[in-house]
Amino acid sequence: MTVDQIIPIFNFLQIGLLVKLFLVVLAVFYAVFVVVVYRQIGLMTQILRSKDSVVIKSIAVLQIVAAGVLVFLILLLA
Amino acid sequence: MPRIKVDPSDKNVTDTGIADSKIPSEAIVKSESPLSITDSDKNITNDSELDSELGAKSGKSFLTAFVSHPLGISFGQAEVGEDLIILLRAHIVTNLPWVLGTLILFLVPFVIFPILAASGALPNLGMGTGLVITIFWYLGVFTFAFLNLLYWLFNVYIVTNERVVDVDWNSVIFRKVSSTQIAKIQDVNAAQAGVFAGIFDYGDVQIQTAGAEENFEFKAVPHPQLVAKKIEELTQKEEHKVPHAGL
């Protein structure tokens with residue numbers, strides 16, 4: 001393999017790595033964001049209590065789980 | 001009052017048992033004035049009418065914008081003896097913009113991405129990356145919708161028998177709870193403007209408070225005239241409370 005053939009592959013790998021890095025950083029920010037949302041939901045349900053608060057909190061927890069799965073998928077697939 | 005005794009041997013007793021009995025004069029209580037409906041009686045009637053009207057317009061579930069005497073919902077900062085009378089949110093119609101936005105965002109991958117792919121504008125990143133990006137996109141759309149729903153759910157206006165409370169949650173990291181005593185309310189106005197507001201009966205309720213206290217505004221709430229009437233009634237009740245004399 002000549003240098004001229006290796007360089008485009010290296011460039012493609014760099015782009016791929018950059019995209020992966022970008023997605024990982026974005027996913028981590030998203031995970032932090034949904035944790036903050038969950039915390040705020042907890043505070044708001046203390047102010048306005050209802051039997052349906054459990055459903056809302058459960059959805060927030062599912063979101064956190066989904067964010068974690070997303071980070072894992074990015075590292076695995078992307 | 002002496003008891004009236006009916007003598008069975010009385011000849012005036014008919015077969016039906018009804019006798020011409022003499023009612024002692026002491027038994028007749030003459031009222032000095034004819035029976036009249038007092039102002040307090042009128043207020044009781046009006047209170048019950050207003051409350052029944054509130055009840056009739058009240059929603060039943062947590063996902064409702066107007067609830068009168070809500071069951072299963074409580075205000076965490078309520079004091080002892082404080083009853084939740086009305087729980088208000090912005091009218092459900094005000095959620096239409098973000099609902100439509102969510103729908104459009106949901107459909108974007110089905111429309112825009114194939115067009116971009118066909119035109120060659122999308123870089124060739126591989127199946128795995130494409131899948132991850134798609135999942136990311138829909139998670140983002142879900143978060144957008146969920147957040148907007150939360151903002152609507154937790155931006156509430158509460159009227160209790162003692163206070164008026166405004167709970168604001170307009171962004172993830174900002175929340176504010178303001179309240180004022182019913183006794184400090186000086187004026188209540190209901191305003192309704194716009195075609196949608198007229199059709200769906202929602203509007204603003206402006207509450208002016210005394211002195212340096214901040215004024216309150218209930219924005220886009222259902223049945224604003226009814227809400228204003230109820231708050232006025234509560235302020236009048238506060239004004240008519242007789243102060244207890246110290247003994």
Side-chain angles (χ1 to χ4, degrees), chain A residues 8-9 11-78, chain B residues 60-64 67 70-78 84 87-89 122-140 142-158 165-179:
Chain A
I9 297 169
N11 284 340
F12 178 74
L13 282 173
Q14 272 188 322
I15 293 167
L17 273 170
L18 275 172
V19 168
K20 191 167 180 173
L21 190 66
F22 174 72
L23 287 174
V24 166
V25 168
L26 210 60
V28 167
F29 273 122
Y30 176 73
V32 170
F33 180 76
V34 294
V35 168
V36 169
V37 168
Y38 174 76
R39 173 75 182 135
Q40 291 296 329
I41 289 170
L43 292 171
M44 292 308 287
T45 50
Q46 281 176 11
I47 293 172
L48 191 69
R49 294 178 194 147
S50 154
K51 53 184 188 261
D52 296 317
S53 303
V54 178
V55 174
I56 296 166
K57 279 185 181 173
S58 306
I59 295 171
V61 167
L62 283 173
Q63 237 189 337
I64 295 171
V65 169
V69 167
L70 182 68
V71 172
F72 176 73
L73 277 176
I74 290 170
L75 292 170
L76 195 68
L77 294 176
Chain B
K60 304 289 177 231
S61 72
F62 183 59
L63 295 175
T64 185
V67 192
L71 296 171
I73 299 172
S74 62
F75 178 50
Q77 296 178 0
L84 229 156
L87 177 79
L88 294 160
R89 296 185 177 97
L122 284 177
N124 188 14
L125 294 168
M127 284 274 292
T129 308
L131 178 68
V132 160
I133 289 173
T134 307
I135 293 171
F136 213 149
W137 176 268
Y138 282 111
L139 267 180
F142 177 79
T143 303
F144 170 76
F146 186 52
L147 268 179
N148 277 290
L149 178 66
L150 290 175
Y151 294 154
W152 177 75
L153 268 177
F154 289 111
N155 257 301
V156 293
Y157 310 106
I158 298 169
V165 183
D166 182 1
V167 180
D168 286 326
W169 191 33
N170 294 318
S171 84
V172 177
I173 53 172
F174 174 82
R175 58 189 172 87
K176 182 183 169 191
V177 180
S178 324
S179 67

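Within every chain, numbering begins at 1; the chains are lettered A, B, ... in the order of the sequence lines, protein sequences first and strands thereafter. Side-chain atoms are counted along with the backbone in the values below, which use heavy atoms only and exclude waters and symmetry mates.
We find the OG1-CZ distance between B:Thr143 and A:Phe33 to be 7.0 Å, quoted to the nearest 0.5 Å. The distance from the CG atom of B:Leu153 to the CD1 atom of A:Ile56 is 5.0 Å, given to the nearest 0.5 Å. Atom CD1 in B:Ile158 sits 5.5 Å away from atom CG in A:Leu48 (nearest 0.5 Å). The distance from atom OG of A:Ser53 to atom CZ of B:Phe154, rounded to the nearest 0.5 Å, is 5.5 Å. For the atom pair CZ of B:Phe136 and CG of A:Leu26, the computed distance is 3.5 Å after rounding to the nearest 0.5 Å. One distance of note links CD1 of A:Ile74 with CD1 of B:Ile135; it measures 9.0 Å at 0.5 Å rounding.
What you find for B:Val167 and A:Met44 is that their closest heavy atoms are CG1-CE, 3.6 Å. The minimum heavy-atom distance between B:Val132 and A:Leu23, with the atom names listed, is CG1-CD1, 4.1 Å. Taking both residues in full, the closest heavy atoms of A:Lys51 and B:Leu71 are given as NZ-O, 4.5 Å, listed atom of the first, atom of the second, then distance. Listed here is the closest heavy atom pair of A:Gln40 and B:Ile173: NE2-CA, 4.4 Å.
At a 4.5 Å heavy-atom cutoff, the contact between B:Leu131 and chain A is made by side-chain atoms alone. Using a 4.5 Å cut-off between heavy atoms, A:Gln46 contacts chain B through its backbone alone, with no side-chain atom that close. Of the atoms belonging to B:Val165, not a single heavy atom falls under 4.5 Å from chain A. Only the side chain of B:Val156 has a heavy atom closer than 4.5 Å to any heavy atom of chain A. Only the side chain of B:Leu150 comes within contact range of chain A, judged by heavy atoms closer than 4.5 Å.
Other residues, nucleotides and ligands contribute only 12 or fewer heavy atoms inside 6.0 Å of the CZ atom of A:Phe29. By the 6.0 Å contact criterion, CZ on A:Phe72 is open, its count of non-hydrogen atoms from other residues, nucleotides or ligands being 12 or less.
The choice from B:Leu149, B:Leu84, B:Ile73 that makes the most heavy-atom pairs within less than 4.5 Å of chain A is B:Ile73. In terms of heavy-atom pairs under 4.5 Å with chain B, the best-connected choice from A:Thr45, A:Val34, A:Ile59 is A:Ile59.
Counting only heavy atoms from C-beta outward, the side chains of A:Ile41 and B:Phe146 approach each other to under 4.5 Å.
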